[in-house]
Amino acid sequence: MAEHFNLVIVGTGPAGLGAAFAFREARPAGSILLIDKSSLSTGGLCNDCKMNFTFPIGFPMEYWDRLAADKYLGFVCARLQPQILSKNNLGIYANRAQKLGVELLEVRQSHLGTDGGVALARAMTEELVRAGATVCLGETALDVREVDHLLITDRREINFGSLVIAPGRKGFAFLQQLMDRLKVPYVDNVVDIGLRLEAREDNYPIVRDYYDPKFHFPQKVRTFCTNSGRAFVVKERYEDADGRAYFSVNGHAFSKRGQANGLVNFALLKTVRFTEPLASGQEFAQMLGQQAMLMGGGQPLMQRVGDFRLGKRSKAESFNEDLYDFVPTLAACTPGDIALAMPSKILRAIWRSMKLLDTIIPGVLHPSTIMYYPEIKLYGNRPRFIDSSFQARPGIWMIGDGAGTSRGITAAWASGIRAVEGILAAAR
Ligand SMILES: Cc1cc2nc3c(=O)[nH]c(=O)nc-3n(C[C@H](O)[C@H](O)[C@H](O)COP(=O)(O)OP(=O)(O)OC[C@H]3O[C@@H](n4cnc5c(N)ncnc54)[C@H](O)[C@@H]3O)c2cc1C
């Protein structure tokens with residue numbers, strides 16, 4: 001006989017944790033199982049862990065308005081007890097931006113760093129276990145048999161009262177296949193495509209006043225995920241549904257405990273929304289990722305702004321000399337020509353935003369600044385829910401970045417709480 005739990009959660013990222021804590025508080029005697037295919041709990045909390053507590057950062061407007069987001073952010077704050085970072089001189093930057101038609105958003109942020117995020121994730125998981133939840137790491141969900149309320153994993157079959165599926169961005173393919181099998185209609189038409197810039201902190205000093213400054217430029221371009229202190233660019237390996245691999249770059253930083261490296265990195269992303277006849281924004285973005293791999297000999301591309309401006313590719317032998325005066329933190333990356341790889345409409349919008357940014361914060365386009373490509377954020381797979389609590393099929397909820405209900409830690413956590421409200425309402 002399959003083991004039974006009142007609530008089974010796939011994914012121990014912030015969405016899964018938000019659901020687990022909310023359910024535990026409402027039903028202290030109810031049984032909870034969390035599974036995660038990773039051997040380390042928990043998902044995206046372990047990547048730099050900047051948390052944003054201001055709408056609309058991280059909250060897709062299709063599902064959230066300010067009123068709803070603020071209500072759940074209150075619960076998230078109460079659980080995570082963030083230390084909100086102070087900001088200085090915002091008026092100066094905001095005025096410069098406004099004159100150029102750029103908006104600087106004032107966002108309540110905390111920052112734990114990658115090491116702090118891992119510690120928080122561990123503490124949260126341990127707290128859940130102490131409160132009676134079962135957490136199984138290294139276990140992969142494979143399928144759901146809806147009529148029998150069974151989750152099938154690589155180890156066993158589990159009977160659930162309610163099922164929350166929160167597999168994050170790395171679980172896109174799994175979620176898509178599941179939705180196809182469960183006949184949950186979904187759309188997948190929005191992607192973010194862009195670059196990650198790495199600069200000397202002296203050339204982007206705003207980060208001393210505002211840890212993760214959020215600029216919104218014309219043509220749907222924005223800054224995203226700024227890291228400074230001990231900051232590094234990283235590459236993440238993804239696979240499309242057919243198992244073809246590609247890399248997306250990303251960034252993270254360690255908490256203030258270590259030695260600073262004097263560098264800062266952040267993404268400039270353009271949101272692209274496709275309409276018919278394109279069926280899948282994800283496939284489009286994945287193909288761009290694979291094309292970059294082709295050009296980079298299996299690695300992402302990097303180019304100094306100095307070379308880009310002159311319309312020439314960067315080369316390994318010229319990558320670190322004279323004005324190109326710092327070593328890239330992502331070593332496994334190929335010097336090349338981003339203009340050859342990135343679609344021109346996206347590149348033009350991003351280059352224009354870079355020039356606007358350099359007018360607001362003069363220096364960021366120093367010749368040494370490195371552009372890494374591609375940074376791809378997939379936000380597709382938005383299921384057509386049957387209610388506002390993200391119920392996709394009776395008894396089955398789909399939440400977090402994988403299901404498009406969030407684009408960040410706090411909104412993912414909020415999605416978990418909102419799903420549990422639906423679960424409790426359904427049980428009444
Ligand atoms: C490098 C990086 C840096 C980031 N930095 C920030 C930041 O500073 N601030 C911020 O707000 N957001 C940041 N994000 C985004 C943030 O991580 C996500 O918004 C958030 O983690 C989404 O939460 P989630 O619970 O939906 O998914 P995740 O956190 O991705 O968790 C999903 C979990 O599900 C598991 N899983 C997937 N498929 C299966 C399966 N079939 N069976 C079992 N388990 C499965 C995965 O192993 C994973 O642990 C960053 C993301 C990355 C990649």
Side-chain angles (χ1 to χ4, degrees), residues 8-20 33-54 57-60 76 80 82 107 109-114 116-117 120-121 124-125 135-144 151-155 158 163-178 192 196 211-212 214 224-227 231-238 248-253 265-267 375-379 381 390 398-416 419:
V8 173
I9 300 172
V10 176
T12 61
L17 288 181
L33 169 70
L34 293 106
I35 70 160
D36 201 300
K37 69 177 181 184
S38 163
S39 55
L40 172 76
S41 177
T42 149
L45 273 181
C46 304
N47 293 314
D48 197 41
C49 208
K50 289 179 285 298
M51 292 190 274
N52 296 300
F53 292 89
T54 302
I57 304 300
F59 286 88
V76 182
L80 294 175
V107 178
Q109 292 173 336
S110 67
H111 176 234
L112 292 178
T114 297
L120 173 72
M124 289 288 150
T125 314
V135 179
C136 290
L137 301 177
E139 179 168 1
T140 303
L142 301 177
D143 204 355
V144 174
L151 174 72
I152 295 127
T153 76
D154 56 351
R155 292 190 199 161
I158 304 157
L163 175 65
V164 170
I165 303 184
R169 293 177 203 181
K170 291 207 163 166
F172 274 140
F174 161 68
L175 196 62
Q176 214 166 48
Q177 286 156 7
L178 195 60
D192 283 351
R196 183 158 287 263
Y211 183 75
D212 180 15
K214 305 280 188 195
F224 178 78
C225 183
T226 305
N227 303 286
F232 298 89
V233 177
V234 293
K235 61 178 187 186
E236 294 162 349
R237 188 178 182 279
Y238 291 90
S248 170
V249 294
N250 214 319
H252 76 120
N265 68 68
F266 60 96
E375 176 140 347
I376 294 171
K377 301 282 182 251
L378 304 178
Y379 297 125
N381 281 345
F390 309 131
M398 295 180 176
I399 57 166
D401 281 26
T405 72
S406 63
R407 295 181 174 192
I409 292 167
T410 52
W413 198 289
S415 302

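Only a predicted model underlies this, so the values are computations on that prediction, with no experimental measurement involved. All ligand and atom numbering here is 1-based and tracks the order in the structure.
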Geometry only, no angles: is N52 polar-contacting ligand 1 at N/O separations under 3.5 Å?
no
Between the side chain of N265 and the main-chain N/O of F232, is any donor-acceptor distance below 3.5 Å?
yes
Sub-3.5 Å N/O-N/O distance, A412 and ligand 1
no
Could you tell me whether the side chain of L33 reaches within less than 4.5 Å of the side chain of E139, counting heavy atoms only?
no
So for ligand 1, is I409 a polar contact partner (N or O within less than 3.5 Å, distance only)?
yes
A student checking ligand 1 against A166 at a 4.0 Å heavy-atom cut-off should list atoms 32 (C), 33 (C), 34 (O)
Which of L178, L151, V164 passes side-chain contact (heavy atoms from CB on, under 4.5 Å) with V10? It is L151
Name the option, out of Q177, K235, K37, that contains the heavy atom nearest to atom 44 (N) of ligand 1.
K37
Looking at ligand 1, would G58 count as a contact under a 4.0 Å heavy-atom criterion?
no
What atoms of ligand 1 come closer than 4.0 angstrom to any heavy atom of G408?
11 (O), 12 (N), 19 (O)
Note: ligand 1 atoms sitting under 4.0 Å from heavy atoms of N250 are 1 (C), 2 (C), 3 (C), 52 (C), 53 (C)
Between P14 and ligand 1, is there a nitrogen or oxygen pair with a distance under 3.5 Å?
yes
Should R155 and I35 be marked as a side-chain contact (heavy atoms from CB on, under 4.5 Å) after you check the CA-CA gap, both sets of side-chain angles, and the distance that decides it?
CA-CA 11 Å; R155 292 190 199 161; I35 70 160; over 6 Å; no
Test item: N250 and K377 side chains (from C-beta on) under 4.5 Å apart, heavy atoms:
yes
Quick note on ligand 1: atoms under 4.0 Å from a heavy atom of R169 include exactly 15 (C), 19 (O)
Taking both backbone and side-chain atoms of D36, is any N or O found less than 3.5 Å from an N or O belonging to ligand 1?
yes
Any donor-acceptor pair under 3.5 Å linking the side chain of S248 with the backbone of E375?
no
Closest non-hydrogen atom pair between A412 and S406, with its separation
N-CB, 3.3 Å
Ligand-residue contact atoms, ligand 1 with E236, heavy atoms, under 4.0 Å
1 (C), 2 (C), 52 (C), 53 (C)
Note: ligand 1 atoms sitting under 4.0 Å from heavy atoms of R407 are 19 (O)
Examine the proximity of ligand 1 to H252 and report which part, side chain or backbone, both or neither, has a heavy atom under 4.0 Å away.
neither
List every atom of ligand 1 that sits less than 4.0 Å from any heavy atom of S38, numbering the atoms from 1 in the order shown and giving each element.
47 (O)
Roughly how far, to the nearest 0.5 Å, is OG1 of T54 from CD of Q109?
8.0 Å
Determine the sole option in T226, D212, N227 for which the side chain to side chain donor-acceptor pair (under 3.5 Å) test with K50 is passed.
N227
Side chain, backbone, both or neither: S415 near ligand 1, heavy atoms under 4.0 Å
neither
I need the D192 CG to F224 CZ distance, nearest 0.5 Å.
7.5 Å
Show the nearest heavy-atom pair for residues T410 and V76, with the distance to one decimal.
O-CG2, 4.0 Å
Any N or O on G11 sitting closer than 3.5 Å to an N or O of ligand 1?
no
Here the gap from F390 atom CZ to I399 atom CD1, rounded to the nearest 0.5 Å, amounts to 8.0 Å
Heavy atoms only: which of G171, G113, A141 lies closest to atom 41 (N) of ligand 1?
A141
Fit a plane to each ring of H111 and Y211, take the angle between them on a 0 to 90° scale, and name the class: parallel (under 30°), tilted (30 to 60°) or perpendicular (over 60°).
parallel
For G400, counting its heavy atoms only, list the atoms of ligand 1 lying under 4.0 Å from any of them.
26 (O)
If you measure every N or O of K50 against every N or O of ligand 1, does any of those distances drop under 3.5 Å?
yes
Region of E139 engaging ligand 1 - heavy atom pairs below 4.0 Å
backbone
